[in-house]
2 protein chains.
Amino acid sequence: MDRKAEKILNRIVQNGYRRTNARQAIVTALVNSAGHITADDLADNVREKEPHIGRMTVYRTLELLCELGVVRPIFQGTGAAHYILMDNGGHHHLICNRCHNVMEFEECSAAMVMEKVAKQFNFHISSHLLELHGLCEECNEISSHQ
Amino acid sequence: MDRKAEKILNRIVQNGYRRTNARQAIVTALVNSAGHITADDLADNVREKEPHIGRMTVYRTLELLCELGVVRPIFQGTGAAHYILMDNGGHHHLICNRCHNVMEFEECSAAMVMEKVAKQFNFHISSHLLELHGLCEECNEISSHQ
DNA sequence: GGTATACTTGATACAAAATATCAGTAAAGG
DNA sequence: CCTTTACTGATATTTTGTATCAAGTATACC
Ligand SMILES: [Mn+2]
Ligand SMILES: [Mn+2]
Ligand SMILES: [Zn+2]
Ligand SMILES: [Zn+2]
């Protein structure tokens with residue numbers, strides 16, 4: 001069992017939910033997918049090992065993980081939600097408006113803002129998402145000499 | 001005609017797209033909606049004044065505005081995408097994982113990170129989205145004394 | 001271990017949201 | 001005007017997400 005998956009499953013139990021086979025399989029598949037996956041794609045992955053697990057259960061587990069702050073749905077070109085892992089406290093994307101390419105980065109100075117805003121709103125922050133939008137190198141070149 | 005809408009329409013023209021009645025009506029309705037609206041809700045709004053405008057055109061216009069970096073689709077509890085305006089360069093949300101309540105804030109120190117990352121990836125940043133996730137005051141209380 | 005209980009599951013049906021297609025329309029430029 | 005080509009909107013279809021409910025199973029308690 002993956003360490004990361006184990007951590008998430010513990011979180012499920014700690015919040016009063018049950019540790020079931022389905023949830024174990026789904027969380028494991030999610031962690032192995034390295035994020036950025038749609039619910040239906042995840043369901044397909046899960047079924048490679050556990051063919052009996054239903055699509056609904058995957059949807060419901062993702063919903064639960066949202067509530068626990070473990071994942072967050074985002075748009076990524078297509079209509080279906082893509083789920084990203086928020087388990088490390090932060091997730092940072094550089095997203096091209098044109099080709100929808102997504103690059104990851106780690107730098108982040110959200111800490112100060114977070115503290116300030118958390119106080120102001122009495123909000124308990126568990127994670128954050130920073131998306132920088134614009135044009136990637138290639139798309140920028142295309143649009144400049146056209 | 002709203003100043004904000006005018007600005008967006010200019011942007012459409014400057015990028016080689018046509019300024020049509022449909023796009024004018026849609027952009028105006030979008031600006032008046034103050035953001036956080038789904039495609040279908042926007043279509044309904046548009047039709048109050050221009051009943052002949054089709055749903056497809058609204059979807060396509062939103063797609064175009066995404067490409068121009070004017071809006072960004074996000075998830076907000078429900079299944080349908082909610083479009084938020086990125087026209088001021090940044091958009092900042094505090095989102096409760098449980099009740100899905102969304103609060104706006106302005107503080108942001110993303111500037112430094114942005115500069116650094118832009119250089120590193122040769123990326124042309126036009127806007128950003130910062131989402132802080134966690135539990136709002138009420139939801140936090142509920143989960144602590146249960 | 002056995003049992004009661006509430007939580008969870010998955011098949012099915014359904015609703016909502018997004019996309020593909022295409023003939024007709026109108027914006028832009030000359 | 002007239003031509004060209006991007007754009008539109010009706011329609012059909014696919015994809016994605018949700019509601020329901022009988023059957024299954026994790027957990028607590030004995
Ligand atoms: Mn990512
Ligand atoms: Mn907002
Ligand atoms: Zn690009
Ligand atoms: Zn809340």
Side-chain angles (χ1 to χ4, degrees), chain A residues 8-29 36-68 71-83 100 146, chain B residues 8-29 36-68 71-83 100 146:
Chain A
I8 295 172
L9 288 164
N10 281 341
R11 198 138 159 196
I12 289 175
V13 173
Q14 277 153 22
N15 280 75
Y17 299 98
R18 292 180 181 171
R19 176 171 185 142
T20 66
N21 282 334
R23 284 176 180 159
Q24 245 167 262
I26 293 165
V27 167
T28 302
H36 303 124
I37 194 167
T38 67
D40 281 324
D41 283 350
L42 180 59
D44 289 343
N45 286 6
V46 170
R47 282 170 174 156
E48 282 176 14
K49 294 201 171 181
E50 315 267 347
H52 61 95
I53 291 181
R55 200 174 62 103
M56 268 311 298
T57 305
V58 175
Y59 273 83
R60 280 188 288 232
T61 301
L62 285 171
E63 194 186 9
L64 173 60
L65 293 178
C66 277
E67 192 177 313
L68 298 182
V71 297
R72 162 80 183 153
I74 63 166
F75 276 95
Q76 207 169 300
T78 167
H82 285 240
Y83 290 84
H100 301 130
Q146 88 180 352
Chain B
I8 294 173
L9 289 164
N10 282 340
R11 198 141 160 192
I12 289 176
V13 173
Q14 278 153 23
N15 280 76
Y17 299 98
R18 292 180 181 171
R19 176 171 183 143
T20 67
N21 282 334
R23 283 177 181 159
Q24 245 168 261
I26 293 165
V27 167
T28 302
H36 303 123
I37 194 166
T38 67
D40 281 325
D41 283 349
L42 181 58
D44 289 344
N45 286 4
V46 170
R47 282 170 174 156
E48 282 176 13
K49 294 203 170 181
E50 314 266 345
H52 60 95
I53 292 180
R55 203 176 57 99
M56 269 311 298
T57 304
V58 175
Y59 272 83
R60 281 187 288 231
T61 300
L62 285 171
E63 195 185 10
L64 172 59
L65 292 178
C66 277
E67 192 178 312
L68 298 182
V71 298
R72 162 81 182 152
I74 62 166
F75 277 95
Q76 207 170 298
T78 168
H82 286 238
Y83 290 85
H100 302 129
Q146 89 179 350

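Atoms considered below: every heavy atom in the structure, side chains included; atoms not considered: hydrogens, waters and symmetry mates. In the text below, chain A, chain B and the rest are named by the order of the sequence lines, each starting its count at 1. Everything numeric here is computed off the predicted structure, so don't read it as measured data.
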Rounded to whole Å, please give me the gap between NE2 in B:His52 and P in D:dC7. 17 Å

Take the protein atom OH of B:Tyr17 and the nucleotide atom P of D:dC7, then report the distance between them rounded to whole Å. 7 Å

Which nucleotide of DNA chain C is the first, and which the last, in the 5' to 3' direction, to come under 4.0 Å of a heavy atom belonging to chain B? C:dA17 to C:dA28

Set of side chain to side chain donor-acceptor pair (under 3.5 Å) partners for A:Glu63, sequence neighbours left out: none

Euclidean distance, atom CG of residue B:Asp40 to atom P of D:dT15 [Å, nearest integer]: 19 Å

Heavy-atom nearest nucleotide on DNA chain D for A:Thr38 versus B:Pro51: which residue maps closer to 5'? B:Pro51

Look at B:Arg23 and D:dT8 and indicate whether a side-chain polar atom (N or O) is within less than 4.0 Å of OP1 or OP2. yes

Residue A:Tyr59, side-chain atoms from C-beta onward, closest of D:dT11, D:dA26, D:dG17: D:dG17

Could you tell me if the side chain of A:Thr61 sits less than 4.5 Å from the side chain of A:Leu42, heavy atoms only? no

Side-chain contact check for A:Arg60: nearest option of D:dT8, D:dA26, D:dC21 is D:dC21

Return whichever of B:Asn21 or B:Gly79 has its heavy-atom-nearest nucleotide of DNA chain D closer to the 5' end. B:Asn21

Between D:dC7 (C1') and B:Gln24 (CD): distance, integer Å: 14 Å

Do A:Leu64 and A:Tyr17 have side chains that approach each other closer than 4.5 Å (heavy atoms only, starting at C-beta)? yes

Residue met sooner reading DNA chain C from 5', once B:Val13 and B:Tyr83 are mapped to nucleotides: B:Tyr83

Specify the closest pair of heavy atoms between B:Gln76 and B:Ile74, including all atoms of both residues, with the distance to one decimal. OE1-CD1, 3.6 Å

Minimum heavy-atom distance between A:Ala25 and A:Ile53, given as atom pair plus value: CB-CD1, 3.7 Å

Within this structure, what is the CD-to-C1' distance between A:Glu63 and D:dT18, rounded to whole angstrom? 9 Å

Rounding to an integer number of Å, can you tell me how far A:Glu50 CD sits from D:dT25 P? 13 Å

When all nucleic acid strands are considered with a 4.0 Å heavy-atom cut-off, which category describes B:Thr20: base, sugar-phosphate, or nothing? sugar-phosphate

For the helix from C:dG1-D:dC30 to C:dG30-D:dC1, measure the angle between the helix axis at one end and the axis at the other, each built from five pairs, rounding to 10°. 60°

Tell me whether B:Arg19 contacts the main-chain N or O of B:Leu9 through its side chain, where contact means a donor paired with an acceptor under 3.5 Å. no

Flag the pair B:Ile37 / B:Asn45 as yes when at least one side-chain heavy-atom distance between them is below 4.5 Å, and no otherwise. yes

Determine, step by step, whether A:Ile26 and A:Leu65 satisfy the side chain to side chain contact (heavy atoms under 4.5 Å, CB included) criterion, reporting the C-alpha distance in whole Å, the side-chain angles of both residues, the deciding distance to 0.1 Å, and the verdict. CA-CA 11 Å; A:Ile26 293 165; A:Leu65 293 178; 5.6 Å; no

Which atom pair, heavy atoms only, marks the closest approach of B:Val71 to B:Leu62? CG2-O, 3.9 Å

Nearest-nucleotide check on DNA chain C, B:Thr78 vs A:Ile53; residue mapping nearer the 5' end is A:Ile53

Quick check for you: among D:dT16, D:dT25, D:dT11, whose closest atom lies nearest to any side-chain atom of B:Met56? D:dT11

Do the side chains of A:Glu67 and A:Asn15 get nearer than 4.5 Å, heavy atoms only? no

